[in-house]
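Working notes, beginning with the structure itself.
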Amino acid sequence: MEVRNLSKRFGDVQAVDDISFEVFGGECFGLLGPNGAGKSTTIKMMIALLNSDEGEVVIAGHPLSREPMRVRESIGYVPQMLSVDGVLTGYENLLIFGKLYGLRQAVREERIWEILKLIGLEEVAQRQVKTYSGGMIRRLEIGQAILHRPKVLFLDEPTVGLDPVARKAVWEHLETLRSHYRMTVLLTTHYMEEAEALCARIAIMNQGSIAALGTVQQLRDAMGNPAASMDDIFAYFAGDAENERGGIRDVTRSRRTARRLG
Amino acid sequence: MSHAVAAPPDDWDNAGPWLRYVKQVLTIVEMDVRKLWKDPTELLMRGVQPALWLVIFGQSLGRIRGIPTGNVSYEAFLAPGVFAQSITFISIFYGISILWDRDMGLLQKIMCTPIPPSAMIIGKMLSASFRSISQVGIMILLSLLLNIPLDWNILSILGVLLTVILGGVFFAGMSMAIASLMKTRERMLGIGQLITMPLFFSSSAIYPIAIMPPWLQVVAKINPMSYLVDGLRNLLLHAAESHLLLDWGVLIVASLVMIGVNTLLFPRILNK
């Protein structure tokens, strides 16, 4: 997967400014940065929810600009916000997506139950999702996005609003799924411990650009401080903490997500 | 990408592109139908309003015999109009549910699957129609309870179903177009309130076009709701002169226009 010279401008704000990076097959890649750094915009452009002003994304050999449908067959996406339907059961949520992906009926049934088992929701599959806990909902959302065995899974803030126990459970399931299906995973987060626990390499974004990219060790070396904590690394590369660009919309949105999942 | 496992080709439904398209449209409808099945409160609530119109407005105005309705009672004349109102209102507020899905993230997730935007749009329009179809049952029940002489034979029911689907598709399409332009639920709700009453009063729903002032007659003639009302009235009352084909024709053309408009506008919904 490769991102080349991607740019996006909203009015006066250069949300993403000419970024390029490569994600290797099978790795978990983390996109970090403060609110408003351009992480979500980057992800949205990579999955064609948002048109880029400039640049190209190549996923599993398919250039996004020319083969968007082939790209969509090869990716799964878990948005930051709630993306399952609370009225339907866990099984039904998976069933609808299996159909949308165009899986054959026999394969679909087998896949649904295989995934329900892997994400630990087999027992509650026939219960309405509104009776699930936040962590269970997140696991279902991830399961829904990988029914078609995508080559690349995109996760936008996968554990925002979850308590530490639920967060750990999501991490473990994600790791199981990634190694089981040998998927490439790209996630955004602003929890440093999440990046450290899951990601082989991380890129730190700031004001639409990539400030640093590498393994945690490489970033420590670049800082010249081998004892640096993840928070130190973040503060060093993402600049001063006063760089607040989130604004009221980001705040309402992340709090709303947190409330729904909590 | 070298060692990622590809989905073997035989996993995929190898239907042709057209069949696949139809299946995707139906999946969107299926999702909505399953939701309604689990939680039909909204539809039952929607049945209350026509009941009030028929019982209070219909019976009061029917008593003064001030509105020329030919050889049928005012209640019978009003019933198809109130029925059309119920369909229009259900469909017009349907855009809000799409904005809700968008605000949650479900819409974005669906659009990341290999579904063409037009299949999504047509599926959503048909879902709104399906909601309207449930009103047919409520209307049959109401007309029996209130003893309003409507003709519910099999043919007229089939005709009514078709008319309701066309009306629902058009007004849901209009609602989605407005949702794409308004982008927030609050504004959408405001605009919905703003246009439903003028649509209703400038149609032939509660009085015949013939008694309107000339300027309103012009409005009524370009108001698609008039054609929905007229189609239902033709089917349920067996009026002397029938314009059923004209009514269907107008609704079909208007619906096709809405599919086109929405295909152009849809990308605007995804991003606030």
Side-chain angles (χ1 to χ4, degrees), chain A residues 1 24-26 44 47-51 59-61 68-85 87-89 92-93 95-105 107-108 111 128 141 144-145 148-152 154 156 181-184 249 253 256-257 260, chain B residues 1-17 19-42 97 100-117 119-120 123 184 267-272:
Chain A
M1 177 162 67
F24 306 127
K44 280 184 184 161
I47 57 180
L49 274 184
L50 195 64
N51 288 328
I59 291 173
M69 284 301 166
R70 298 306 302 276
V71 168
R72 283 181 179 176
E73 284 170 3
S74 333
I75 61 169
Y77 169 54
V78 183
Q80 183 179 344
M81 295 165 287
L82 188 61
S83 61
V84 285
D85 192 282
V87 176
L88 301 181
T89 65
E92 284 175 318
N93 270 292
L95 177 71
I96 295 290
F97 271 75
K99 289 186 175 185
L100 286 176
Y101 283 120
L103 295 176
R104 278 198 297 124
Q105 192 187 354
V107 178
R108 192 172 67 216
R111 243 2 124 63
Q128 281 183 296
E141 286 173 323
Q144 199 181 38
H148 57 308
R149 299 206 176 142
K151 292 176 184 163
V152 187
F154 291 87
D156 199 358
Y181 296 122
R182 288 200 267 159
M183 282 183 299
T184 307
R249 213 175 67 196
R253 196 171 59 188
R256 197 165 56 202
T257 312
R260 289 232 178 83
Chain B
M1 294 284 102
S2 52
H3 53 95
V5 182
D10 62 317
D11 284 0
W12 303 85
D13 190 342
N14 46 15
L19 188 58
R20 186 158 179 199
Y21 189 91
V22 171
K23 281 186 175 177
Q24 283 168 323
V25 169
L26 291 180
T27 305
I28 297 293
V29 179
E30 180 186 342
M31 185 169 181
D32 222 55
V33 172
R34 281 178 183 268
K35 276 156 78 168
L36 274 182
W37 187 252
K38 295 251 157 65
D39 185 12
T41 341
E42 187 205 331
S97 76
W100 182 258
D101 284 351
R102 189 273 319 268
D103 286 347
M104 302 238 281
L106 189 56
L107 192 63
Q108 287 88 328
K109 202 174 191 182
I110 291 175
M111 292 322 293
C112 276
T113 67
I115 179 173
M120 172 74 183
T184 69
R268 295 176 58 109
I269 291 194
L270 283 178
N271 299 296
K272 224 190 279 195

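Values below: every heavy atom of this structure, side chains too, minus hydrogens, waters and symmetry copies.
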message: Counting heavy-atom pairs closer than 4.5 Å to chain B, which one of A/Ile47, A/Leu88, A/Ile75 comes out on top?
response: A/Leu88
- request: Identify the two heavy atoms, one from A/Met81 and one from B/Gln108, that lie closest to each other, and give their separation to 0.1 Å.
  value: CE-NE2, 4.1 Å
query: At their closest point, which heavy atom of B/Gly105 faces which heavy atom of A/Pro79, and how far apart are they?
result: O-CG, 3.5 Å
For residues [X] and [Y], determine if any side-chain heavy atom of one lies less than 4.5 Å from a side-chain heavy atom of the other.
X: B/Glu30; Y: A/Ile96; answer: yes
X: A/Leu95; Y: B/Arg34; answer: yes
X: A/Thr89; Y: B/Lys38; answer: yes
X: A/Leu100; Y: B/Met31; answer: no

Portion of [X] that has a non-hydrogen atom of chain B nearer than 4.5 angstrom:
X: A/Gln128; answer: side chain
X: A/Phe97; answer: side chain
X: A/Glu73; answer: both

message: Nearest 0.5 Å, please: how far is NZ in A/Lys99 from CD1 in B/Ile115?
response: 13.0 Å
message: For the CD atom of A/Gln144 and the CG atom of B/Leu106, what is their distance to the nearest 0.5 Å?
response: 7.0 Å
task: Against chain A, label B/Leu26 side chain, backbone, both or neither, depending on which of its atoms sit under 4.5 Å from a heavy atom there.
output: neither
- request: Side chain from CB out, backbone as N, CA, C, O: work out which of these in B/Lys35 comes under 4.5 Å of a heavy atom of chain A, or both, or neither.
  value: both
message: With a 6.0 Å cut-off (strictly less than), is the heavy-atom count around CG of B/Asp39, excluding the residue itself, greater than 12?
response: yes
- prompt: What do you reckon, is CZ of A/Arg70 surrounded by more than 12 foreign heavy atoms closer than 6.0 Å?
  reply: no
Stepwise salt bridge (Lys or Arg N to Asp or Glu O under 4.0 Å) check, B/Lys109 with A/Glu141: CA-CA 10 Å; B/Lys109 202 174 191 182; A/Glu141 286 173 323; 5.6 Å; no
